[in-house]
Structures are given as C-alpha cells and as structure tokens.
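Before any comments, here is the structure.
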Amino acid sequence: MDNKEVQLLKRALERQKRARQQAEKILEQKSTELYETTQQLKEANGTLENLLSEKVSELDNVFVNIIDPYVVMDMYANVINMNTSAKEFLGYDNTKEKVNLTNLVHQDYLKYTAESFKYLIEIGTLKNYRAKISVKNGDEKWIEINASLIFNTKREPIGAQGIIRDITQEMEIKELLEQQRKQLDIIVDSSPLGIVLSVEGKIIKSNRTFTELLGYTEAEFKTMKFEEFSKVIEGPTANEIVMQMSEGKIDKDIVIKRYYKKQGGCLIGKTSVSAVRDYKGNLKYVLAMVEDITREREAEERLIYEREKYASIIANMNLGLVEVDTEDIIQFVNQSFCSMSGFQEDELLGKKGSDVLRVQNKNVLDKENEKRAEGESDSYELEVLDKSGKIKHWLVSGAPRYDGNKKLIGSVGIHLDITTQKLLELQKELLVKELEQSNKGLQEYAHIVSHDLKSPLRSISALATWIQDDYKDVLDEAGQENLTLMQDKVASMDKLIQGILEYSTANDSALDNSSVDLNEVVEKIKESIFIPEHVALVVPKPLPTIIADSTKMHQLFQNILSNAVVHIEKEKGLVEVLFVENKTHWQFSIKDNGVGIPKEYHKKIFEIFQSIGANERSTGIGLSIVKKIIDRYEGEVWVESEKDMGTEFHFTIKKEPTNLNS
C-alpha cells in the first residue's frame with residue numbers, strides 16, 4: 001500500500017471520529033431532555049414512579065428521532081425496549097422474543113463487559129464502551145456504547161439506557177492500519193537497504209541495516225544530523241533537496257554520498273530521498289534509503305582503468321587489430337595494423353577488408369566468415385598484398401562481435417605478421433629435404449666405405465695368417481710378434497669400421513617398434529660379449545618389456561655392458577642392471593665396481609672417437625651411439641662415478657616417444 005492510500009484511510013478515520021463526537025453530543029443533549037422529561041413526569045404523575053414500562057414509553061417518544069440504535073434494558077441486561085434502528089442493527093425485536101444483550105457479546109469481551117457494567121452501576125454512566133458482538137444473522141460487529149442508569153423515585157437503579165454506534169468499519173480500518181504498520185516495520189527492519197526518517201535534518205528513526213552499515217546505534221543517530229557522518233559526492237546537497245521538496249517541486253531525488261563509519265573507514269552509498277507529505281500536501285518527513293555501492297563503484301573504477309589500459313595496449317601493441325561488420329566493412333583499426341598493411345586509417349575505414357587488402361586465399365577467408373556467423377572463434381593464415389604490392393603472410397585470430405542484445409554485429413581479428421617466419425619455414429623445409437638427401441647419401445657412403453675397407457682388411461688378415469702358418473719355422477720370435485700385432489691392428493680397424501657404420505645408422509628412420517623383453521636382450525648380450533671370469537653380470541629383479549626397436553635396444557645395452565665388464569680390476573667384479581618406472585619414462589641404471597671415470601670425462605665420453613686411457617680395444621664410438629639412441633627415444637643419459645670408486649650409468653627411455661621417425 002502506498003502513501004496516498006494510507007492518507008485516504010487516515011482521512012476516513014478522522015471523519016468517523018468527527019461523526020462519533022457529533023453523535024455523543026446528540027446523546028448528551030437527548031439525555032438532558034430525558035432527565036427534564038422524567039422530572040416533569042415525576043411531578044405530574046407520582047403514581048407512575050414504579051411503572052418502568054410506562055416510563056420507557058415516554059422515553060421512546062423522546063428518542064424517536066435518534067438515528068443510532070437506542071436500547072433500554074433492565075438490571076439483568078434484558079432488553080425492555082429498543083428503537084427501530086436497534087432492531088434493524090441487532091436483528092432482534094424485543095416485542096417478539098426475549099433479548100439479553102450479554103448473550104450477544106463475544107466471549108473475548110465478556111470479562112471486560114462485566115467490569116464495564118459494574119462501573120456503570122457505581123458511577124451511573126458509561127462512556128466509550130467498545131466490544132465485539134454477534135448479531136442475529138451471525139455477523140460480527142464492533143460497537144461503541146454510551147449509557148446511563150435509569151432510577152426510580154427512590155433513586156434506586158431500575159435499568160439502563162444507551163446508544164449503540166456501529167464502529168465496525170472504523171475498527172477494520174484501524175486494524176488494517178495497525179497490521180500494515182507492523183508489516184511496514186518488518187519490511188523496513190529487514191530491508192537490505194539502510195532506511196532513515198528525518199525531520200528538518202534531524203534523524204527520528206533508522207532501521208537495523210543502517211545502524212549496521214555505519215556502526216552507530218539508533219539512539220546515537222537521533223542525536224546527529226546527516227552532515228556529521230556523510231558527504232555528497234554526486235548530486236545536490238541535502239538542503240537543496242529539502243528546499244525543493246518543501247516548495248513542492250520534487251518528491252524524489254537520488255544522490256551519491258560518502259558515509260563515514262563510527263570505527264573508521266567509509267562506504268559509498270546510493271541514497272534515494274523521498275518526501276512524505278500530510279493530507280494537505282505539506283512536507284512532513286524526509287525518507288532516505290541508502291544502498292551500499294562501494295563494491296560496485298570500485299568495480300566500475302577498475303573496469304574504467306582496465307578499459308583505458310587495454311585501449312592503450314591495443315593502440316600500441318605490435319599486433320594488428322581490425323573490427324569489421326557482418327559485411328566485412330572495416331569499422332576500426334589500430335596503428336599497428338596500419339603499419340602492417342601500409343595503409344592509412346582513413347584508407348581502410350568504411351572499406352571492404354578483403355578487397356582493399358587484396359586477399360590471395362579468399363576461400364580461407366570465406367570459410368572463416370561462415371564460422372563467425374555461427375559464433376565460432378578460430379585461428380588461420382592469410383596471404384595478402386600490402387599497399388606496395390608485397391606479399392605478406394598473416395596469422396589471424398578471429399572471434400565474433402555482439403551488441404548488448406547478443407546480436408551478431410561482425411567480427412574482430414588480431415593479426416600477426418609471420419612473413420619472416422614463413423620464409424624461414426620454407427628455407428627450413430628446403431634444408432630438411434637437402435639434409436635427408438645428404439644423410440641418405442652418407443649412409444650409402446658409409447656402407448660402401450665399410451664394404452670397401454673391410455675387403456682389403458680381410459685380405460691382409462688372411463695373408464698374415466698364411467705367413468704366420470707357412471713361415472713359423474723360419475720367423476724368429478720378433479717376427480711372430482709382429483704378425484700377431486698386425487692381426488690385432490686389423491681387428492681394431494674392423495671394429496672401428498663397424499662402429500662408424502653403426503653410428504651412421506643410429507638415427508635410421510626405419511625402426512621396427514615392437515614388444516621387447518629386456519631380460520632376453522641382456523641374456524643374449526651375456527652370451528655374445530667377453531666377460532672375464534672374475535666378473536658377475538646380474539639382474540636383481542626382472543626387467544620390463546617395452547615398446548622399442550629390438551636392434552637399437554641391443555646396441556644400447558651392449559655398448560654400456562661391454563664397457564662395464566672389462567674395466568674391473570678387483571678380485572670379484574660385479575655389474576648390476578637395475579630399473580625404476582616413472583610416470584612417463586623408464587629409468588635404467590648399470591652399476592659396476594670397476595676403476596671408475598674421473599669427473600672431467602663424464603660428458604666427454606659420449607662424444608664420438610673419445611675414449612679414456614690407452615685401451616686398444618676401445619674405438620671411442622660405443623657411448624656416442626648410446627647417446628644417439630637415447631636421444632631418439634626422448635630420454636637422457638648421464639654418469640655418476642669417481643676414480644677407483646666404480647661407475648653408474650643412468651639413462652631414461654620415454655614410454656610413448658613422439659619422434660621415433662624423426
């Protein structure tokens with residue numbers, strides 16, 4: 001219910017009160033007339049002093065013109081007489097049926113009625129008795145009674161008379177107003193807005209939310225004015241608003257104020273000010289509703305800051321930004337895009353993008369525009385001609401643009417000039433092709449050289465063997481040693497040639513990847529390599545089965561194991577093959593208790609033709625092959641060792657390598 005309806009109800013209540021006062025005056029006047037008439041009757045006819053019915057008859061003539069219901073009853077609340085209005089209002093007729101007024105009273109008011117009747121007997125009059133009764137048709141009515149006692153000549157009460165006024169509507173209005181007031185109090189008190197009622201700048205009421213917002217009690221607020229804890233930052237001052245409201249120019253206004261809290265700090269409040277007027281339209285109160293918009297204001301300020309920041313970034317970034325409508329008409333470009341394309345801003349705005357930039361692969365652009373219409377974002381490459389006619393390659397990230405109603409209005413694209421990278425890619429592709437051809441030629445050359453070199457070596461080895469066999473009785477000990485030394489050198493040369501061939505094919509792309517049981521691999525290696533009698537090669541726990549090229553795994557483990565078993569000088573040599581499973585890799589370790597490797601050689605040993613010491617059997621190729629294979633399987637290899645402290649070779653192999661064929 002709004003303020004106007006409340007005012008109307010108040011006015012109706014005032015009219016009811018005035019009507020009641022008028023009725024009371026009439027009752028008092030008629031009571032006086034009754035009293036005078038009674039005195040006259042006493043003097044005129046003393047014989048009627050105990051005849052109540054006759055006196056009542058006289059009273060009927062006196063009150064015949066009373067509009068309100070009028071009732072005469074005996075001392076037991078039995079109706080003796082009633083006027084027509086009373087009969088119509090109560091629905092009863094005392095001439096036809098016995099009527100006791102107490103029986104009409106609502107049970108909630110019986111005690112009050114008894115007390116009122118006692119008061120009537122003691123005082124002689126009863127004013128403004130109010131109660132709820134039930135009339136004959138079952139309706140409940142609110143009544144107000146003004147009554148007085150009727151005495152005989154001995155001044156003994158023999159009955160009572162009273163006027164009944166129907167105040168049902170008045171009570172309903174009052175009850176409705178009271179209910180609405182309670183509801184309004186509940187709404188005001190539980191409102192998330194701070195609500196304040198003031199008169200001439202002085203606070204007379206504030207709700208709980210307002211006290212919680214600022215930390216003052218309602219009692220403290222009643223001693224304060226708004227100026228003491230708030231300051232207008234947007235909009236008119238409080239005095240200006242009150243002045244305009246007093247002059248009837250405005251009823252509402254909104255200002256933004258900074259409110260200062262009792263314990264320190266402040267908040268920003270959106271304050272809605274409303275005028276509360278009386279029935280004559282005069283300003284009675286000023287109602288202020290305060291909404292805490294501190295966070296919203298901070299968010300707005302951050303948003304403004306971010307907009308300005310990103311606007312500056314967009315304007316100055318090295319990426320070209322373009323906004324077009326649904327017809328590909330350019331709406332906005334930044335300076336970087338102008339620099340990329342060679343056009344000035346005024347040469348681009350309002351023009352169709354694909355035409356002015358002379359897109360060479362328009363089919364790509366058409367497909368991307370269809371995606372924008374479907375609300376999709378995507379990245380793609382465009383080949384365009386700039387203003388000077390040079391070919392440019394751009395990487396474009398495009399996204400749809402919408403208005404406030406989520407209607408598609410175009411698209412926005414961020415452009416990166418990748419012309420240089422594109423040329424480098426073309427050069428890279430050319431170099432890769434050349435490198436593949438070169439590697440292929442080198443592999444073929446390695447096989448040819450290997451074959452061509454091994455053939456004379458085998459001949460030299462055969463000749464040396466024949467000479468040693470045919471002339472063993474002729475050659476002295478020095479000659480025999482020289483022939484043996486020649487055989488060793490031939491064998492070393494053969495190993496070197498085989499090592500070079502294996503190194504050249506370590507990155508061969510033709511891999512036969514399958515399930516490889518590393519336990520079988522190690523067993524075969526134990527059977528094929530020379531293991532001194534004092535050395536034990538053990539596998540403490542079974543090795544895993546992995547997906548790899550069996551030949552490469554055999555090369556990998558053999559090159560490390562063959563080095564490990566021959567470099568142990570202790571009485572009991574031990575070589576262990578261990579492994580650990582990680583999330584993405586297998587990690588293997590080959591440990592020995594041999595002579596160890598000085599730290600300065602830890603990286604050098606994995607380079608081709610690098611070996612330690614003067615071991616004639618070492619070609620310096622084995623560990624370089626190991627590194628190439630491990631690199632192929634996206635792993636790492638490293639060594640932990642110190643001189644005379646043994647050696648630990650560690651390497652990892654990826655479970656699911658991605659570049660096996662690179």
Side-chain angles (χ1 to χ4, degrees), residues 300 302-437 658-659 662:
E300 287 176 6
R302 286 197 299 270
L303 182 60
I304 292 171
Y305 169 76
E306 294 295 331
R307 283 177 178 172
E308 292 176 351
K309 182 177 73 173
Y310 287 113
S312 176
I313 292 173
I314 289 171
N316 298 287
M317 67 182 182
N318 293 326
L319 300 175
L321 179 68
V322 179
E323 291 182 4
V324 298
D325 62 14
T326 53
E327 302 298 327
D328 196 31
I329 304 301
I330 298 175
Q331 307 294 312
F332 172 81
V333 292
N334 68 346
Q335 185 56 46
S336 294
F337 186 81
C338 294
S339 301
M340 289 169 58
S341 63
F343 291 95
Q344 297 296 321
E345 183 178 357
D346 57 358
E347 294 177 304
L348 294 170
L349 296 180
K351 306 291 176 53
K352 191 168 184 177
S354 58
D355 292 342
V356 69
L357 295 171
R358 292 176 286 178
V359 178
Q360 302 300 293
N361 51 344
K362 282 191 175 183
N363 60 322
V364 174
L365 188 61
D366 292 339
K367 291 180 181 179
E368 294 300 325
N369 287 336
E370 291 176 3
K371 291 182 180 179
R372 299 300 162 272
E374 296 296 326
E376 295 182 22
S377 300
D378 199 5
S379 296
Y380 54 95
E381 291 185 16
L382 282 184
E383 184 177 325
V384 301
L385 298 179
D386 65 7
K387 187 176 181 180
S388 65
K390 292 182 179 179
I391 295 179
K392 296 284 186 178
H393 295 274
W394 291 345
L395 178 62
V396 185
S397 179
R401 291 172 55 226
Y402 301 95
D403 61 13
N405 297 321
K406 297 184 179 180
K407 179 183 177 183
L408 182 69
I409 59 173
S411 61
V412 58
I414 297 177
H415 299 67
L416 174 65
D417 190 342
I418 58 170
T419 305
T420 303
Q421 291 89 327
K422 202 70 176 177
L423 294 175
L424 290 174
E425 283 182 10
L426 294 174
Q427 293 176 6
K428 177 184 175 182
E429 290 176 2
L430 181 61
L431 288 173
V432 168
K433 289 181 180 179
E434 292 177 354
L435 184 61
E436 288 176 352
Q437 293 178 354
T658 57
N659 61 346
S662 61

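Numbers here are sequence positions counted from 1.
Ion pairing between a basic and an acidic side chain is recognised when a charged N comes within 4.0 Å of a carboxylate O; Lys422 and Glu383 show no such pairing. For Asp355 and Lys362, the salt-bridge test passes: some basic side-chain N is under 4.0 Å from an acidic carboxylate O.
Of all the heavy atoms in Lys390 and Asp386, the pair that sits closest is N-OD1, 2.8 Å. Here the closest heavy-atom approach between residue Leu319 and residue Asn334 is recorded as O-ND2, 3.0 Å. Across every non-hydrogen atom of Met340 and Gly320, the tightest pair is SD-N, 3.6 Å. Taking all atoms of both residues into account, the shortest heavy-atom contact from Ile391 to Thr419 is O-CG2, 4.0 Å. The two residues His415 and Val396 make their nearest non-hydrogen contact at CD2-CG2, 3.5 Å. When all heavy atoms of Ile330 and Val356 are compared, the closest pair comes out as CD1-CG1, 4.3 Å.
A donor-acceptor pair under 3.5 Å is absent between the side-chain atoms of Asp378 and the main chain of Glu368, judged by distance alone. In this structure, Glu323 contributes its side chain and Leu321 its backbone to no donor-acceptor pair below 3.5 Å. For Asn405 (side chain) and Lys407 (main-chain N/O), no donor-acceptor pair under 3.5 Å exists by modelled atom type. Proximity of a side-chain donor or acceptor of Arg401 to a complementary backbone N or O of Val324 within less than 3.5 Å is detected. Under the 3.5 Å distance criterion, the side-chain polar atoms of Asn361 are left unmatched by any main-chain donor or acceptor of Val364.
Between atom NE2 of residue His393 and atom CD of residue Glu381 there is a gap of 8.5 Å, rounded to the nearest 0.5 Å. How far CH2 of Trp394 is from CZ of Phe337: 4.0 Å, rounded to the nearest 0.5 Å. Between Leu357 atom CG and Phe343 atom CZ the span is 6.0 Å, to the nearest 0.5 Å. Rounding to the nearest 0.5 Å gives a distance of 5.0 Å between CG of Leu348 and OG of Ser341. For the atom pair Ile329 CD1 and Leu349 CG, the distance stands at 11.0 Å (nearest 0.5 Å). For the atom pair OG1 of Thr326 and CD1 of Ile409, the computed distance is 9.0 Å after rounding to the nearest 0.5 Å.
Side-chain atoms of Gln360 and Leu385, non-hydrogen and from C-beta on, do get closer than 4.5 Å to each other.
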Check your understanding: Passes side-chain contact (heavy atoms from CB on, under 4.5 Å), Glu347 versus Glu345? Steps please.
Key -> CA-CA 5 Å; Glu347 294 177 304; Glu345 183 178 357; over 6 Å; no

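Other residues, nucleotides and ligands contribute more than 12 heavy atoms inside 6.0 Å of the CD atom of Gln421. The number of heavy-atom neighbours closer than 6.0 Å to NZ of Lys387, taken from other residues, nucleotides and ligands shown, is above 12.
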